[in-house]
Amino acid sequence: MATVNGIVPARFLTLIAHLIITINLYWTRRDNVEACLPETYTQDQYNQKDTELLVGLSLALAFAAVELAGFFTGISMFLPTVGMLSTAAHASAAVSLSYFVFEQWECDLYWWVFGFCSAFPLVVEIGAMIAILGFKKT
Amino acid sequence: MAAGQLPPQLRQKLTSFAEFAFPAARAAREGREHHQLKSIGNELVSNLPLQMALYFNVFYFPFWLVTAIILLQLKFSSLDEFYKFITVTVYVVMVVVEIVRLYLGYLGNLQEKIPELAGFWLLTIVLQFPLSFFILFNEATMILPLERAIHIVMAIFVLFEVVCGYFAIKVMSSHQVTKFHLRQFDDLQYLDDGQTRWSTEA
């Protein structure tokens, strides 16, 4: 088992950074929703886009929770490959979502960030969980 | 050892608090408790979840601090006069308490010292717990969304450390009591030679 170098706290910090900016987006999503609607929009259009973004944010929170659970129970804490992929994905998520908030990107662009930076680490994490718990490969 | 020691009066006070809150030590000392003396060997009683929480809390703290100060600076001019004073005081107290608390937690948990751990637990439940919930829920301080996020993470850390710290002290104090009981047998075992020697265990 590799010793704790820098990757464990780095992974934790990038995960938390991603989590924090996702929680932040939950309250500041209005500007982003308005950015992807035409100049004059109806309340229904707004509600639809708003719900979509809300679903995306909630899913990202749930995926981050699963990944944190796998991380804290020690299943994937000391796997360097998983750690590196997760750190890279969540760091780019934190940067992209910061741009998302400051530059008021359209709400549809959120799904790109979600796909690469929330879904991908979750798949890797679940793969690691299956490998360790299922096949008992230490 | 001198560098990692609390002053003796503080140690005494914290030990009596530990005996008050976790009566296993006091009851056994007064002879009322029938302890099952299970073999303890060289078991470590440092609490792993608590140590993990402390480790990650140490890494999280500087980022929390920088973010909180920047956000306070941004909204400072639009705060009520009273709340300007309150928020600055709360942040200063939280920073000082956090540093002392994390240091005591590390020392108490890793070196299995109960007074330090009791000090850590006291600081967490009496100071950090109310303060972090205050800055999280008091709307009069004009909580920004980013502040909500960082204070939620901080509150989760504090809550988790309160719960884990309680179990850590409980396990550690009952372990100390067992070791004390077993030690009496060790001290007696040298009497058979006809000469009394003190046991040399640490």
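Everything quoted here is computed from the prediction, not taken from an experiment. Residue numbers begin at 1 in each chain, while the letters A, B, ... track the order of the sequences. When reading the values below, keep in mind they use all heavy atoms of this one structure, side chains included, and skip hydrogens, waters and symmetry mates.
Residues of residues 110-130 of chain A having a heavy atom under 4.5 Å from any heavy atom of chain B: none. Scanning residues 64-72 of chain A against chain B with a 4.5 Å non-hydrogen threshold yields A:F71, A:F72, sorted by number. At a heavy-atom cut-off of under 4.5 Å, chain B is reached by no residue from residues 44-61 of chain A.
Shortest non-hydrogen contact noted between B:P115 and B:R11 is CG-NH1, 3.8 Å.
The aromatic ring centres of B:F59 and B:Y55 sit less than 6.0 Å apart.
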Under 3.5 Å donor-acceptor pairs involving side-chain atoms of residues 20-28 of chain A, not counting sequence neighbours:
residue, atom, partner, partner atom, Å
A:T22, OG1, A:H18, O, 2.6
A:N24, OD1, B:L146, N, 3.4
A:T28, OG1, A:N24, O, 3.2

Subject >> side-chain contact (heavy atoms from CB on, under 4.5 Å) between B:T15 and B:I114, worked out >> reply: CA-CA 7 Å; B:T15 315; B:I114 296 198; over 6 Å; no

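Looking only at distances, a side-chain donor or acceptor of A:N32 sits under 3.5 Å from a matching main-chain atom of A:F100. Judged by distance alone, the side chain of B:Y60 and the main-chain N or O of B:I150 form a donor-acceptor pair under 3.5 Å.
Between the side chains of A:R11 and A:T87, not a single donor N or O lies within less than 3.5 Å of an accepting N or O.
Screening B:L50, B:V100, B:L14, B:I169 against B:F120 for a side-chain contact (heavy atoms from CB on, under 4.5 Å) leaves a single residue, B:L50. No option in B:R101, B:E98, B:E161 other than B:R101 meets the side-chain hydrogen bond (donor to acceptor under 3.5 Å, both in side chains) test with B:T124.
For A:Y41, the OH atom is densely surrounded, since the number of other residues' heavy atoms within 6.0 Å is greater than 12. Atom CD of B:E139 is surrounded by more than 12 heavy atoms from other residues, nucleotides or ligands within 6.0 Å. Counting heavy atoms of neighbouring residues, nucleotides and ligands inside a 6.0 Å radius, atom CZ of B:F56 exceeds 12 of them.
Note: A:L13 CG to A:H90 NE2 = 12.5 Å, rounded to the nearest 0.5 Å.
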